[in-house]
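The structure under discussion appears below in the form of structure tokens.
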Amino acid sequence: MDDTTQPIGPPSPAPPPPGDPAAAPHLPSSPTSTSYLPADPVSVSLTSRLLRMVLVGAAGLVLLLVGLAWDAVLHARDPGLAAEEGVFALSNPGHLLAGIGIALVAVGLAGALAVLVLQARGLRPRSTPARFGVAGAMLTLALVAGGTGVWAAGAGGHDHDPAAAHDPLSHVHDSATAAEAGTGGDANGPETAEHTHGPNVPEVAAATDEERAQAEALWKASAANAEQWRDPDAAAAAGFRFKDKDEAGPERRVRFLHVPNPAWRADVRVLDPARPETLVYWDGPGDRLTLVGVMYTAARGASGPAIGGPITRWHDHESCRDPATRAKLGRPVNGACPEGQVYRRSGEMMHVWFTDDLATAFARRAPLTALRAANS
């Protein structure tokens, strides 16, 4: 035995036989869970800002569609609404919603574009003045877009009544009945200055006490006597002639149906509340006729008696007609008709409307707001 001492310990394990899995080299175990890189804060911020702008634009689009639908329903229920309201009327909730919707759509699109442009240039408005500048620019764009959109919608989409396209002053007569009554309204021709007749509502304060009393007496007597003809059948039995509204022309809807009494037009009575020459009916939704006034007519070539001074004002109509059929072809320009047409001037006429005040009762053109209030 040599002098070398060996440490005493457990014997070394025998090497595994070839082919044993234990013979494979020992490798460090891999993690059991998959790890991800943290998200880029810049990308998260960009996505968040774009999403906010898209949501703003989407909300605007919804409001725009709701506003247009609301406006369409209002005009379908009231064909005369287009002649009364302006392009952007706050009294029409459809207009208001459409305007807000267009503004929000503009803000959403402009905001998204601004976010992308600033991100591409590596810029971001961090200071308060810079943020106010961006917000002010977006607000200006929204106001311009909203105003322009509402104006365009109103100018192009509010011709719900074909007659209103030629008669923005809402003085519409049925072409068939008006021709017979000698009160031809504007069914086909363009509007001209001769048809404006001056201010619509008279200046009641300019009348004397006696003139005001006379006008008020005519107004009240006209309304009281006309009650017997509120039913169109009763009016027809009394000699008032209703014409088929289809005769007014294709796709034309009459708002105010003027129904004449030929026998009373031929008599010599003027301003007789018991024998008015014409009844005026409002042609409402569902073809419902509501009596809203009468029209008195003077003899052709004669002036109507102004018993109420500046309150009881008369007017007439000029027209250009076919010499063979007497059908109205349009309005004269500067008092002259085109070659081959005959100039015609009607007798003087005056409306008395069944409203709740003296001024609108003697309006030359239909006082729509006052008539709605009186017949609501």
Side-chain angles (χ1 to χ4, degrees), residues 75-81 83-84 160-161 163-164 170-185 187 215-249 252-267 269-298 312 347 349-358 360-376:
H75 283 274
R77 291 180 176 177
D78 186 355
L81 184 60
E84 181 188 33
H160 300 281
D161 185 343
S170 76
H171 189 168
V172 179
H173 295 260
D174 175 63
S175 59
T177 58
E180 182 176 346
T183 60
E216 188 167 351
L218 176 63
W219 165 39
K220 292 183 176 179
S222 299
N225 278 278
E227 280 298 316
Q228 60 186 306
W229 306 304
R230 187 165 291 278
D231 184 349
D233 291 336
F240 290 95
R241 291 188 180 178
F242 288 83
K243 294 288 185 179
D244 188 343
K245 286 182 290 184
D246 291 339
E247 295 181 18
R252 179 182 173 205
R253 184 176 180 82
V254 178
R255 291 196 304 275
F256 295 100
L257 190 65
H258 286 61
V259 185
N261 189 316
W264 292 354
R265 279 191 48 79
D267 63 22
R269 301 187 185 185
V270 180
L271 283 184
D272 185 350
R275 298 169 68 89
E277 284 79 17
T278 305
L279 301 177
V280 184
Y281 290 86
W282 168 270
D283 183 10
D287 291 334
R288 178 172 175 266
L289 296 181
T290 302
L291 185 64
V292 293
V294 298
M295 188 177 72
Y296 296 104
T297 307
T312 53
M349 65 200 76
M350 179 176 63
H351 289 93
V352 178
W353 305 99
F354 302 155
T355 62
D356 295 327
D357 66 282
L358 186 60
T360 57
F362 286 93
R364 279 176 168 161
R365 300 175 297 277
L368 301 178
T369 301
L371 288 175
R372 288 195 188 97
N375 290 277
S376 59

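Quick caveat: nothing in here was measured; it's all calculated off a predicted structure.
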| field | From CA spacing to verdict: side-chain contact (heavy atoms from CB on, under 4.5 Å), Val270, Tyr296 | value | CA-CA 7 Å; Val270 180; Tyr296 296 104; 5.9 Å; no
| request: Search all heavy atoms of Thr297 against all heavy atoms of Arg265 and return the closest pair with its distance. | output: CG2-NH1, 2.9 Å
| note | Closest non-hydrogen atoms of Arg241 and Val259, given as atom of the first, atom of the second and distance, are O-CG1, 3.1 Å
| query | Closest approach of Ala235 and Phe242, non-hydrogen atoms and distance? | reply | CB-CE1, 3.9 Å
| said: Can you tell me how far apart CG (Leu289) and CH2 (Trp282) are? Round to the nearest 0.5 Å. | reply: 12.0 Å
| remark: Leu371 and Ala366 have their tightest heavy-atom pair at CD1-CB, 4.3 Å
| said: Could you measure the distance from the CZ atom of Phe240 to the CG atom of Leu279? Nearest 0.5 Å is fine. | reply: 3.5 Å
| field | Heavy-atom donor-acceptor pair, Trp353 side chain to Thr360 backbone, under 3.5 Å | value | no
| Between CZ of Phe256 and CE of Met295, what distance do you get to the nearest 0.5 Å? | 13.5 Å
| field | Where Pro273 and Leu218 come nearest, the two heavy atoms and their spacing | value | CG-CD1, 4.0 Å
| message | As a quick check of understanding, evaluate side-chain contact (heavy atoms from CB on, under 4.5 Å) for Phe354 and Val280, giving each step before the final call. | response | CA-CA 10 Å; Phe354 302 155; Val280 184; over 6 Å; no
| query | To the nearest 0.5 Å, how far apart are CG in Asn225 and NZ in Lys220? | reply | 14.5 Å
| task | Enter the distance from Trp264:CH2 to Thr278:OG1 here, rounded to the nearest 0.5 Å. | result | 11.0 Å
| field | Nearest-0.5 Å distance, CG of residue Asp356 to CG of residue Asn375 | value | 8.5 Å
| said: Has Thr355 got a side-chain atom pairing as donor or acceptor with Ala361's backbone, closer than 3.5 angstrom? | reply: yes
| message | On a heavy-atom basis, which atom in Ala226 and which in Leu291 lie closest, and how many Å separate them? | response | O-CD2, 3.2 Å
| query | Is the backbone of Arg275 close enough, under 3.5 Å, to the side chain of Asn261 for a donor and an acceptor to pair up by distance? | reply | no
| said: Are Val292 and Tyr281 packed together at the side-chain level, in the sense that at least one heavy-atom pair is separated by less than 4.5 angstrom? | reply: no
